[in-house]
Amino acid sequence: MSQRTFPDGFLWGAATAAHQIEGSPMADGAGPSIWTRFAHTPGMTLNGDTGDVACDHYRRWKDDVKLMRELGLQAYRFSVSWSRIHPEGTGRVNQAGVDFYSRLVDELLENGIEPLLTLYHWDLPAALEDRGGWLNRDSADWFAEYGSTMYRALDGRVKKWVTLNEPWVITDGGYLHGALAPGHRSKYETPIASHNLMRAHGAAVKAYRDIGKHEIGLVVNIEPKYPASDSAEDTAATKRAHAYMNEQYLDPALLGRYPPELKEIFGDAWPDWAAADLELIRQQLDFIGINYYTRSVTQANDSYPLKAGAVRQPLGTYTETGWEVYPKGLTDLLVWVKERYGDIPMYITENGAAFFDPPVAEGGRVRDPLRMDYLQKHIGAVHDAIQAGCDIRGYMLWSLLDNLEWSLGYSKRFGMVHVNYGTQERTPKDSARWYSKVIASHGASL
Ligand SMILES: CO[C@H](O)c1c[n+]2c([nH]1)[C@H](O)[C@@H](O)[C@H](O)[C@H]2CO
């Protein structure tokens with residue numbers, strides 16, 4: 001393979017999220033989030049795992065930034081825990097919470113690492129859930145207020161902002177299937193939560209345009225859907241699945257409309273949204289963040305309400321989370337985004353895999369060849385998309401650290417750095433050493 005050259009300024013980094021790594025969820029005046037509440041509800045997470053300690057990043061942040069510098073990261077994508085900033089969700093600001101993130105950003109900048117800040121990575125203040133959460137139309141104002149607090153505190157030092165991380169997972173997991181906080185199971189609530197999340201996204205972007213002077217975008221998880229057969233049923237099911245996951249959020253954000261398949265999927269549960277709502281949602285964005293993990297070979301089935309599902313590939317390679325390794329899907333998807341939405345700049349804001357890692361060997365080595373192979377192929381797929389004309393400006397590996405995988409607890413390790421949850425010792429895996437070389441060579445060593 002000829003040497004791969006990435007564009008000048010292409011940012012190499014890694015990503016995490018507050019609830020998954022910080023621990024100390026109630027420290028220094030913070031309020032509880034829906035994940036603090038959900039994880040402490042018996043039966044909601046594997047082994048009853050919670051984010052009470054996680055990777056203890058709330059206390060070890062300085063050493064973790066030092067580790068990022070040693071690895072040569074150029075950027076770091078992290079999220080802010082809303083309930084550290086507004087313990088009741090709105091109104092009173094907890095300055096100690098703002099100060100934590102301000103210190104983290106300063107430390108990143110002092111170490112030559114660009115911060116990429118996600119305002120919302122699933123941890124809604126519990127106080128707002130008690131007021132209806134994302135089912136309450138006021139959530140757009142709540143989110144814009146919180147975003148404005150952070151813009152005023154950090155804009156300028158933070159130059160790349162993200163409103164939401166993955167509205168699809170928030171609603172499909174938290175409102176339809178109930179596997180994620182707040183654990184609802186309602187076909188009727190799901191579109192309402194989705195729509196209010198996107199209204200909140202629009203309101204936060206509008207607020208940014210009044211306060212901020214840099215870049216703001218939206219992060220979506222999208223997954224290419226390939227029909228399992230050329231039957232009419234599988235073709236229609238694939239179209240529904242594609243609209244439900246891939247178009248449901250990018251279409252309103254970038255085109256100001258929902259895909260028509262959503263009415264077919266949700267039926268009487270799909271409201272006729274007001275045009276003014278779609279105008280609020282459709283705000284000029286500076287970039288889109290793409291979270292990519294796998295593809296879905298899709299067939300018609302009796303799932304509710306989508307009536308479509310993935311078919312396991314007998315010759316496929318699968319990760320510990322049951323996702324097929326399919327790098328070409330990333331290229332196909334990025335080209336699809338460009339073709340459907342135009343030349344909007346993109347970042348790969350998450351890509352990575354959980355594999356079973358061996359324990360830390362003598363001398364502090366963690367051999368993770370499967371992860372290295374996954375990453376090499378997917379970064380190569382990003383390069384293929386760039387060659388195909390996509391404007392991709394960076395790659396954030398998921399994840400910097402092994403961390404709390406939501407309802408799966410600590411059972412899945414996505415980190416390029418191993419975390420011993422008993423001692424909190426960090427040990428870079430082989431994949432981290434390999435990634436450092438990729439960064440140092442700007443992709444040439446891929
Ligand atoms: C369904 O895959 C999603 O794109 C997705 C995968 N992941 C995510 N979203 C979340 O943004 C992270 O918090 C997860 O830790 C990470 C790994 O599961």
Side-chain angles (χ1 to χ4, degrees), residues 15-39 51-52 54 56-59 61 64-65 76-109 115-134 136 138-165 170 181-182 196-197 199-201 203-208 210-212 214 216-219:
T16 64
H19 182 75
Q20 295 181 266
I21 67 165
E22 287 179 358
S24 307
M26 300 294 283
D28 301 327
S33 77
I34 55 175
W35 270 95
T36 319
R37 186 179 282 176
F38 190 74
D52 290 355
D56 199 25
H57 176 75
Y58 186 75
R59 299 186 317 139
W61 59 275
D64 286 338
V65 173
Y76 173 55
R77 177 183 175 232
F78 65 98
S79 77
V80 170
S81 179
W82 184 344
S83 50
R84 293 194 194 280
I85 310 303
H86 291 283
E88 293 80 37
T90 59
R92 180 175 70 90
V93 172
N94 174 39
Q95 192 56 42
V98 176
D99 292 346
F100 169 72
Y101 295 104
S102 181
R103 284 194 300 271
L104 173 62
V105 166
D106 285 343
E107 191 72 13
L108 289 166
L109 294 172
L116 209 153
L117 187 155
T118 302
L119 287 170
Y120 189 67
H121 201 125
W122 308 358
D123 46 358
L124 185 76
L128 295 181
E129 180 63 18
D130 295 342
R131 293 164 64 183
W134 295 113
N136 186 332
D138 292 345
S139 49
D141 298 330
W142 304 338
F143 189 57
E145 177 188 1
Y146 156 55
S148 300
T149 302
M150 296 312 295
Y151 305 151
R152 290 190 187 97
L154 298 179
D155 192 53
R157 290 181 282 162
V158 173
K159 297 182 177 178
K160 289 176 177 57
W161 295 84
V162 166
T163 55
L164 304 174
N165 178 73
I170 297 169
N196 284 334
L197 274 159
R199 290 177 57 249
H201 157 78
V205 174
K206 267 188 83 174
Y208 186 73
D210 294 338
I211 300 170
H214 300 281
I216 192 163
L218 170 69
V219 167

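- Of all non-hydrogen atoms in Val105 and Val158, the two that sit nearest each other are CG2-CG2, 3.8 Å.
- Side chains of Trp134 and Leu124 form a contact here, defined as non-hydrogen atoms less than 4.5 Å apart.
- For the residue pair Arg199/Ser139, the side-chain donor-acceptor check at 3.5 Å is not satisfied.
- With contacts defined as side-chain heavy-atom distances shorter than 4.5 Å, the pair Pro125/Ser33 does not qualify.
- Atoms CG and CG, from Asp99 and Leu104 in turn, are 12.5 Å apart once rounded to the nearest 0.5 Å.
- The aromatic rings of Trp35 and His19 sit tilted, their planes meeting at an angle between 30° and 60°.
- No close placement of the Trp122 and Phe38 rings is indicated, their centers lying 6.0 Å or farther apart.
- Across every non-hydrogen atom of Leu128 and Glu88, the tightest pair is CD2-O, 3.9 Å.
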Review point. Yes or no on side chain to side chain contact (heavy atoms under 4.5 Å, CB included) for Tyr58 and Arg84, after CA distance, side-chain angles and deciding distance?
Key: CA-CA 11 Å; Tyr58 186 75; Arg84 293 194 194 280; 3.5 Å; yes
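- By the 30° and 60° cut-offs, the orientation of the rings of His57 relative to Tyr76 is tilted.
- For Arg103, there are no salt bridge (charged side-chain N to carboxylate O under 4.0 Å, His left out) partners, not counting sequence neighbours.
- Looking only at side-chain heavy atoms (C-beta outward), Phe100 and Asp28 stay at 4.5 Å or farther from each other.
- The environment of Arg59 atom CZ is sparse: at most 12 non-hydrogen atoms of other residues, nucleotides or ligands sit within 6.0 angstrom.
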Practice item. Check the pair Tyr146 / Ile85 against side chain to side chain contact (heavy atoms under 4.5 Å, CB included), numbers first and verdict last. Key: CA-CA 8 Å; Tyr146 156 55; Ile85 310 303; 4.0 Å; yes
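- Side-chain atoms of Lys160 and Pro115, non-hydrogen and from C-beta on, never get closer than 4.5 Å to each other.
- Applying the side-chain contact (heavy atoms from CB on, under 4.5 Å) criterion to Pro182, with sequence neighbours excluded, gives Ile34, Glu129, Tyr175, His184.
- Closest approach of Leu164 and Val162 over heavy atoms only: O-CG1, 3.4 Å.
- A donor-acceptor contact shorter than 3.5 Å links the side chain of Ser83 to the backbone of Gly31.
- Heavy atoms only, all atoms of each residue included: Ala30 and Asn94 are closest at N-ND2, 3.7 Å.
- The minimum heavy-atom distance between Gly29 and Pro87, with the atom names listed, is O-CG, 3.2 Å.
- Between His121 and Arg77 the shortest side-chain heavy-atom distance falls below 4.5 Å.
- For the atom pair Thr90 OG1 and Trp82 CH2, the distance stands at 9.0 Å (nearest 0.5 Å).
- Taken from CG in Leu218 to OG1 in Thr163, the straight-line distance is 4.5 Å, to the nearest 0.5 Å.
- Applying the salt bridge (charged side-chain N to carboxylate O under 4.0 Å, His left out) criterion to Asp130, with sequence neighbours excluded, gives Arg37.
- Among pairs with a residue in residues 148-158, those fulfilling side-chain hydrogen bond (donor to acceptor under 3.5 Å, both in side chains) read His86-Thr149, Ser102-Arg157, Asp106-Arg157, Asp155-Trp161, Asp155-Tyr208, at least two apart in sequence or across chains.
- Closest of all the heavy-atom pairs between Asp56 and Ser24 is OD1-OG, 4.4 Å.
- Qualifying side-chain contact (heavy atoms from CB on, under 4.5 Å) partners for Asn136, counting only residues two or more places apart in sequence or in other chains: Asp138, Trp142.
- Between Phe78 and Leu108, the closest side-chain pair of non-hydrogen atoms falls below 4.5 Å.
- The side-chain contact (heavy atoms from CB on, under 4.5 Å) test applied to Ala18 returns Glu22, Ser79, Ser81, Tyr101, Asp123, not counting sequence neighbours.
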